[in-house]
Amino acid sequence: MKVLLLGGGGREHALFWKISQSPKLTELKAFPGNGGFPPDAIVRPEAGLDLSNLSTVVDYVRAQKFDLVVVGPEQPLVDGIADALAGVCPVFGPVKAAARLEGSKDFSKDFMDRHGIPTAQSQTFTELAPALEYLGKMTAPIVIKADGLAAGKGVAVCPDLESAEEALRDRLERNVFGSAGHTVLIEEFMAGEETSVFAICDGERAVPFLASQDHKRAFDGDQGPNTGGMGAYLPVPFVDDALMRQVQEQVLDRAMAGMQADGSPYRGLLYAGLMVKDGKARVVEFNVRFGDPETQALMRILDEDLLELMFQAAAGSLPERPLKIRPGAALVVVVAAEGYPGSYSKDLPLKNIDSDEGDIIFFHAGTRRDGDRLLSTGGRVLGVTAVGPDLVAARKAVYDRLKNIDADGVFYRKDIGEKAL
Ligand code: AMP
Ligand code: GLY
């Protein structure tokens, strides 16, 4: 099977690592990849691939006769890459109409309300005056969200109404998020513990992986600004069988049935971001792709052929059984450039990072090769992952290895997984 993997973050490096192990694989190409990928696996610039111009992808996939295209990031899915490749090649990822679950928070809310999926109450606005009037009747804390894709930065959790007003003005008046913020949601704040459940979906059935927990704030103790994710672990102790049954019935099954009823059966990966309180989960958000960095930990303990599952999902024929997950725990800590998620330096030299050292595996995110040197290119630079018989062991392995990272100008959280211990 000849496969093209699109994307170039830690998530895609982890997917690349896992797909590479498939006995069904004959060739795996990636674009744009990063410094952690084998250089000969990366599609060369001469091929003219441009993820913001879908016809370049369609032409390349047709000419190269791929058997499957795996789409890592959300933007090409929201832009309709699965639709563009219909009839050309099977795609792991939902069609455009279904990708609105992530592309538009207003659509997503409406979808959840129509199909009885538990979530926070919310109202949508496009004008400042009625939004402020509505806000005046609410009590804090309250959540203000930009409707469109905003690289994870469009959500403001506001402790008081003054900051909520500022968040509304940022989006509807000051244009801080561009067109993504011209529609806003004012949403009920949900208290509780967050967890992410990923499910692989074939249009009819959604089969969950193990729940994981991300750490979105930049600094220890959940302080500092929101990021794309600074570390993750699994399994999550407060997610038991009863909770997973509720998530399956009220979230995953209803989402699958809803998408079928709406005429766009969901194929690919569905990410349910959940808030859990008193043993019940409500949806914070849906994403239409694997989460990062959770996927880096998840791939380490998935005990079956990911490529085969992806192909079955794309073909509408997932097996009727739970996924095989190795016993034990997995943990990832993200190493980021100082300053992230604000402005940060690039081209920091990284040394002493081999991508496979026994139990530790480095998944690269923002790196590139320059001859023999490895340099940083992104805010999230790489993820350090380990597995172990339990979380204590996996955590110790990662943090022991991190003490020997040879790089200046980077930081990482020291408390990933602490909440679970
Ligand atoms: P999102 O981009 O929708 O995942 O939001 C980013 C983060 O904001 C989430 O991971 C939550 O921590 C927080 N958040 C979003 N919506 C809510 C809500 N309704 N109640 C509480 N926290 C929320
Ligand atoms: N880890 C959060 C995300 O991928 O959206």
Side-chain angles (χ1 to χ4, degrees), residues 101-102 108-109 111-113 115-122 143 157 187-202 204-216 222 229 231-259 266 269-291 293-295 297-304 309 318 320-332 387 389-392 394-395 416-421:
L101 278 182
E102 179 166 1
S108 185
K109 269 289 155 192
F111 177 85
M112 288 189 256
D113 290 344
H115 298 292
I117 298 172
T119 186
Q121 284 200 352
S122 142
V143 182
V157 178
E187 191 168 292
E188 169 201 357
F189 172 81
M190 295 186 283
E193 279 288 331
E194 275 188 83
T195 182
S196 325
V197 171
F198 303 166
I200 188 162
C201 307
D202 70 356
E204 272 186 36
R205 297 191 327 115
V207 187
F209 292 88
L210 218 52
S212 56
Q213 194 167 44
D214 189 10
H215 296 62
K216 287 197 175 157
D222 290 334
Y233 68 88
L234 65 171
V236 181
F238 65 82
V239 179
D240 58 14
D241 290 349
L243 183 66
M244 281 307 280
R245 267 198 303 280
Q246 185 232 334
V247 171
Q248 181 79 54
E249 286 163 17
Q250 296 185 359
V251 178
L252 301 177
D253 291 352
R254 288 179 192 177
M256 288 303 106
M259 277 296 162
Y266 193 99
L269 196 288
L270 182 65
Y271 168 138
L274 304 169
M275 192 69 80
V276 179
K277 188 157 181 264
D278 303 329
K280 289 268 182 273
R282 289 198 285 166
V283 175
V284 177
E285 61 164 350
F286 281 125
N287 293 318
V288 298
R289 36 84 191 163
F290 281 99
E294 298 97 309
T295 300
L298 186 60
M299 289 303 121
R300 295 287 316 266
I301 61 169
L302 176 64
D303 199 14
E304 59 179 302
L309 288 173
L318 278 172
E320 301 219 6
R321 58 164 175 80
L323 300 179
K324 295 179 197 155
I325 308 281
R326 228 167 281 139
L331 182 129
V332 53
V387 288
D390 56 28
L391 199 57
V392 175
R395 190 165 185 271
I416 303 302
E418 210 168 86
K419 261 190 257 177
L421 298 177

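- Of all heavy-atom pairs between G231 and I416, the closest is CA-CD1, 3.7 Å.
- Taking NZ of K419 as the start and OH of Y233 as the end, the distance is 7.0 Å to the nearest 0.5 Å.
- Within a 6.0 Å radius of CD in E204, other residues, nucleotides and ligands contribute 12 heavy atoms or fewer.
- Counting heavy atoms from C-beta on, the side chains of K280 and Q246 come closer than 4.5 Å.
- Residues I301 and A330 come closest through the heavy atom pair CG2-CB, 3.8 Å.
- At least one side-chain heavy atom of P208 sits under 4.5 Å from a side-chain heavy atom of Q248.
- Remark: of the listed residues M259, E102, M256, M256 is the sole one forming a side chain to side chain contact (heavy atoms under 4.5 Å, CB included) with L270.
- Closest approach of V236 to S212, counting heavy atoms only: CG2-C, 3.3 Å.
- The side-chain heavy atoms of L234 and E294, taken from C-beta on, include no pair separated by under 4.5 Å.
- Residues V288 and F286 form no side-chain contact, since every pair of their non-hydrogen atoms from C-beta on lies 4.5 Å or further apart.
- Looking only at side-chain heavy atoms (C-beta outward), V284 and L274 stay at 4.5 Å or farther from each other.
- Between E304 and L309 the shortest side-chain heavy-atom distance falls below 4.5 Å.
- Inter-residue side-chain proximity for F209 and L269 is flagged as met; some heavy-atom pair is nearer than 4.5 Å.
- Minimum heavy-atom separation, Y271 to G291: CE1-CA, 3.4 Å.
- Taking every heavy atom of both residues into account, A211 and T195 meet most closely at CB-OG1, 3.6 Å.
- From L391, atom CG reaches atom CD of E418 across 11.0 Å, with rounding to the nearest 0.5 Å.
- Of all non-hydrogen atoms in A394 and V387, the two that sit nearest each other are CB-C, 3.9 Å.
- At least one side-chain heavy atom of M244 sits under 4.5 Å from a side-chain heavy atom of V239.
- Here CD of E188 is found 8.5 Å from OG1 of T119. Values are rounded to the nearest 0.5 Å.
- Taking the charged nitrogens against the carboxylate oxygens, E187 and R282 have no contact shorter than 4.0 Å, which rules out a salt bridge.
- For the atom pair CE (M190) and CD (Q121), the distance works out to 11.0 Å, reported to the nearest 0.5 Å.
- Using a cutoff of 4.0 Å between basic side-chain nitrogens and carboxylate oxygens, D303 and K324 are not scored as salt-bridged.
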Item to check | From CA spacing to verdict: side-chain contact (heavy atoms from CB on, under 4.5 Å), E320, R205 | outcome: CA-CA 9 Å; E320 301 219 6; R205 297 191 327 115; 3.9 Å; yes
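- The CD1 atom of I117 lies 8.0 Å from the CG atom of L101; values are rounded to the nearest 0.5 Å.
- At least one donor-acceptor pair under 3.5 Å links the side chain of R254 to the backbone N or O of G116.
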Item to check | Test log, rule side-chain contact (heavy atoms from CB on, under 4.5 Å), inputs D202 and V207 | outcome: CA-CA 9 Å; D202 70 356; V207 187; over 6 Å; no
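- The CG atom of D214 lies 10.0 Å from the OG1 atom of T295; values are rounded to the nearest 0.5 Å.
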